[in-house]
Amino acid sequence: MTFDPPPGEPGSTAADDLLPRKFFDRPVDEVAPDLLGHVLVHGDVAVRLTEVEAYAGPLDPASHAYRGLTPRTEVMFGPPGHAYVYFTYGMHFCVNLVCGEEGTASAVLLRAGQITAGADTARERRPKSTERDLARGPARLCTALAIGREQNGLDVCSPESPLLIIEGDPADPSLIRSGPRTGVNGAKDTPWRFWIDGDPTVSPYRAHVPRKRNPPA
DNA sequence: TTCGAGATCGGCT
DNA sequence: GCCGATCTCGAAG
């Protein structure tokens, strides 16, 4: 398996390659499948998105916004086209893109993708991963792209931003599948996980398993 | 290949 | 204190 060379020098992304903000200013369940095939760029690493999940704001029990506006979820309640990065399980970062009108607090979790540029850099960050595993899973995707707290709130539609979403090869609509969301306790019957069928970088589905606790002595 | 369990800490009740 | 939009490793089939 080979990787295509980067389309140009890092940072040379033309502004008209960026997805426009109005792309994100739509209902989250429309934006999520449309994101498949587009490319998230941070530094010299680029990832073509192959798997995403939609979260519908305060009405969605699976969403961080379910409990309302908090300092953590502030970005979700802001304007569309911004990155919401959160820290979970004490060790992992995950990245979402805010969708819909300001205040709706809906977002798309970026779950997996294929590295299309900067594979060497990504491999340095994840030396134990095979090529297909480099961005297979939301936390791995963040590691491969070096996304952390500093990237929270960045505007991915602005050419000035270090974190950008650029137009890629849109996924073949006949290959887009949807199903229940991964690792989510509430609202697990909502088929808001979207992926490109047959793509090896799509993470395996795992039903939610509550963590076992140490029994009291 | 699949399954089970541990790791680790911020956010919220 | 409890829980979580996860990942990794080791063991077993």
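Nothing here was measured: the structure is a model prediction, and the numbers come from that model. Computed over heavy atoms, backbone and side chain alike; hydrogens, waters and symmetry mates excluded.
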Using OP1 and OP2 only, check whether a side-chain N or O of A/Arg193 sits under 4.0 Å from C/dA5.
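No, outside the criterion.
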
Side-chain N,O (A/Lys128) to OP1/OP2 (C/dC9) below 4.0 Å
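Yes, A/Lys128 has a side-chain N/O under 4.0 Å of OP1/OP2 on C/dC9.
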
Using whole Å, what does the distance between atom [atom2] of nucleotide [N] and atom [atom1] of [X] come to?
X        : N      : atom1 : atom2 : result
A/His64  : C/dA5  : NE2   : P     : 5 Å
A/Arg67  : C/dG4  : CZ    : C1'   : 11 Å
A/Leu109 : C/dT6  : CG    : C1'   : 11 Å
A/Phe87  : C/dA5  : CZ    : P     : 14 Å
A/Asn152 : B/dG11 : CG    : P     : 10 Å
A/Leu141 : C/dC7  : CG    : P     : 10 Å
A/Arg125 : C/dC7  : CZ    : C1'   : 18 Å
A/Phe93  : B/dG10 : CZ    : C1'   : 10 Å

Summary of ring pair (Phe, Tyr, Trp, His ring centres under 6.0 Å) pairs that have at least one residue in residues 95-154 of chain A, sequence neighbours excluded
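Residue pairs with at least one partner in residues 95-154 of chain A: there are none.
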
What nucleic acid atoms does A/Arg126 come within less than 4.0 Å of, heavy atoms only: base, sugar-phosphate, or nothing?
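Result for A/Arg126 = sugar-phosphate.
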
Close aromatic pair by centroid cut-off 6.0 Å: A/His64 and A/Tyr86:
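Yes, the ring of A/His64 comes within the 6.0 Å limit of the ring of A/Tyr86, centre to centre.
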
Would you indicate which nucleotide in [options] comes nearest to any side-chain atom of [X]?
X       : options               : value
A/Pro71 : C/dT6, B/dG10, B/dC12 : B/dC12
A/Met91 : B/dG11, C/dC7, B/dA7  : B/dA7
A/Thr70 : C/dT6, C/dA5, B/dG11  : B/dG11
A/His92 : B/dG11, C/dT6, B/dC9  : C/dT6
A/Tyr86 : C/dA5, C/dC7, B/dG10  : C/dA5

Is the shortest side-chain heavy-atom distance between A/Arg111 and A/Val52 below 4.5 Å?
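The answer is no, as the side chains (C-beta and beyond) never meet within the 4.5 Å cut-off.
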
Report yes or no: is the cationic atom of A/Arg21 (NZ for Lys, CZ for Arg) closer than 6.0 Å to the six-membered ring centre of A/Phe23, at no more than 45° off its axis?
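No, A/Arg21 and A/Phe23 do not form such a contact.
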
Please, what dot-bracket string fits DNA chain B when only Watson-Crick and G-U pairs with both distances under 3.5 Å count, crossing ones use [ ] and pairs to another strand use |?
|||||||.||||.

